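One structure is given here, and the rest of the page talks about it.
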Amino acid sequence: DNILHDVDTLRSRYGSDPMVAVAVAAHSIRAVPLPQVSELAAYADRYDLPFHMHVCEQRRELDECIAEYGTTPIALLADTGILSSHFVGVHATHLSDEEVVALGDAEAYVCLCRTTERDLGDGLPNISDLLQAGARLCVGVDSHACGNAFEEVRAVELDERSRLEARHTVAEAPALLDAATRLGYEACGLSNAWQDDRVHLNAHDPSIAATVNTHASDAILFGATPRAVNKVFVRDMTIVEDGYHVQYEAALEQYQNTL
């Protein structure tokens, strides 16, 4: 009750603020009892809010869920009516075929955090089948294992190539960029804001130099590095100028003081 009261307060305080989106989250089925998960999910559905959970991240999580509930996490959430188009399953690494179908039927989001999952050795998700089933892919981070947004996105395709031992598996570059932008905003409750933000790249950066327009998305997705980022705008605010965060010096000083 206290948690949902806090969410009510946040919705009231920031409901008209275009820079803030309020969502609901239950960390995981191993951390939050099922009755509370159901209550949080129902609240999210009632107010059309995203509902995030870590699901099927590690095999140990599956074993613990089976021991507690007699089934695996996504199967449990499907059986209890928690899966919906508001649901954002983070990781979704170890899924049965039936769970893949359940996520697709619900048109749920699956948020992949490939550099984190890779760093922890958690496994490789079945991304191709998730897409074919109708799940909506987006990309996020769950650690500081990597500070390269381009790598996070291209890893969706490249890691799936390794899993399937194939040269092309998930999607072409434009679809992956859509997952990293529009669908990511939707999964955060910012579906009306994604076109307000812009990232400008330096076309002369060596990682994307000499790129022709017809192959720009491929060059950016599979070649660009953070060094290529020249400007970043969030609505009308400048966040990065000439390759540097506008508050870089202050942040660096605070970081060094903390160390």
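As the structure is a computational prediction, the values presented were derived from the model and not from experiment.
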Minimum heavy-atom distance [X]-[Y], with the two atoms named:
X	Y	result
Thr225	Ser207	N-OG, 3.6 Å
Val100	Ala133	O-CB, 3.6 Å
Leu158	Phe222	CD2-CE2, 4.1 Å
Met53	Ile29	CE-N, 3.5 Å
Leu190	Pro18	CD2-O, 4.2 Å
Ala41	Phe51	CB-CE2, 3.7 Å

N/O donor to acceptor pairs below 3.5 angstrom from side-chain atoms of residues 121-132, sequence neighbours left out:
unit_1	atom_1	unit_2	atom_2	d
Asn126	OD1	Asp129	N	3.2
Asn126	OD1	Arg163	NH2	2.9
Asn126	ND2	Asp129	OD2	2.9
Ser128	OG	Glu160	OE2	2.9

- Task: Return yes when atom NE2 of His168 has more than 12 non-hydrogen atoms of other residues, nucleotides or ligands closer than 6.0 Å, and no otherwise.
- Result: yes
- Heavy atoms from other residues, nucleotides or ligands near CZ of Arg59 exceed 12 (cutoff 6.0 Å): no
- After noting the C-alpha distance and the side-chain angles of Cys56 and Thr93, does the key distance pass the side-chain contact (heavy atoms from CB on, under 4.5 Å) rule? CA-CA 6 Å; Cys56 303; Thr93 306; 5.7 Å; no
With a 4.5 Å cut-off on side-chain heavy-atom distances among I, L, V, M, F, W and Y, is there a chain of contacts connecting [X] to [Y]?
X	Y	result
Leu77	Val90	no
Leu62	Leu120	no
Leu112	Phe87	yes
Val55	Ile82	yes
Trp194	Val199	no

- Checking side chain to side chain contact (heavy atoms under 4.5 Å, CB included) against Ile3, which of Asp8, Val24, Leu40 comes through? Leu40
Under 3.5 Å, which donor-acceptor pairs link side chains of residues 242-259 to any protein atom two or more places apart or in another chain?
unit_1	atom_1	unit_2	atom_2	d
His245	ND1	Gln247	N	3.0
Asn257	ND2	Glu253	O	3.2
Thr258	OG1	Gln254	O	2.8

- Message: Test your reading of the model: is there a side-chain donor-acceptor pair from Tyr14 to the backbone of Thr9, 3.5 Å cut-off?
- Response: no
- How would you list, by chain and number, every residue that makes a ring pair (Phe, Tyr, Trp, His ring centres under 6.0 Å) with Tyr47, sequence neighbours excluded? Tyr43
- Task: Quick one: list whatever passes ring pair (Phe, Tyr, Trp, His ring centres under 6.0 Å) with His27, sequence neighbours left out.
- Result: His54
Using a distance-only test with no angle check, is there a side-chain donor-acceptor pair under 3.5 angstrom linking [X] and [Y]?
X	Y	result
Ser28	Glu61	no
His91	Glu117	yes
His86	Asp45	yes

Anything under 3.5 Å between a donor and an acceptor, one on a side chain of residues 209-218, the other on a protein residue two or more places apart or in another chain? List them.
unit_1	atom_1	unit_2	atom_2	d
Thr211	OG1	Ile208	O	2.5

- side-chain hydrogen bond (donor to acceptor under 3.5 Å, both in side chains) involving Glu64 - partner list, sequence neighbours excluded: Arg60
- Applying side-chain hydrogen bond (donor to acceptor under 3.5 Å, both in side chains) to His52 and not counting sequence neighbours gives none
Distance-only donor-acceptor hits, side chain of residues 231-238, under 3.5 Å, sequence neighbours excluded:
unit_1	atom_1	unit_2	atom_2	d
Lys231	NZ	Glu241	OE2	2.4
Arg235	NH1	Asp196	OD2	3.3

- Query: Nearest 0.5 Å, what's the CG-CD1 distance between Leu83 and Ile74?
  - Reply: 5.5 Å
- Message: Would you compute the distance between atom NE2 of His144 and atom CG of Asp119 and round it to the nearest 0.5 angstrom?
- Response: 12.0 Å
Test item: [X] and [Y] side chains (from C-beta on) under 4.5 Å apart, heavy atoms:
X	Y	result
Leu103	Val110	yes
Leu221	Phe150	no
Thr72	Glu99	yes
Val139	Val156	yes

- Item | Test salt bridge (Lys or Arg N to Asp or Glu O under 4.0 Å) applied to Arg13 - qualifying residues, sequence neighbours left out | none
- Task: Name all pairs fulfilling the side chain to side chain donor-acceptor pair (under 3.5 Å) condition that reach into residues 147-157, sequence neighbours left out, sorted by first residue then second.
- Result: Thr115-Glu152, Arg118-Glu151, Glu151-Arg154, Glu157-Arg161, Glu157-Thr169
Check: residues 180-189 side-chain donor-acceptor pairs under 3.5 Å, at least two apart:
unit_1	atom_1	unit_2	atom_2	d
Thr181	OG1	Leu177	O	2.6
Arg182	NE	Asp178	OD1	2.9
Arg182	NE	Asp178	OD2	3.4
Arg182	NH1	Glu186	OE2	2.9
Arg182	NH2	Asp178	OD2	2.8
Tyr185	OH	Asp197	OD2	2.5
Glu186	OE1	Tyr109	OH	2.7

- Report the residues that fulfil side-chain contact (heavy atoms from CB on, under 4.5 Å) with Ser85, sequence neighbours left out, ordered by chain and then residue number. Arg136
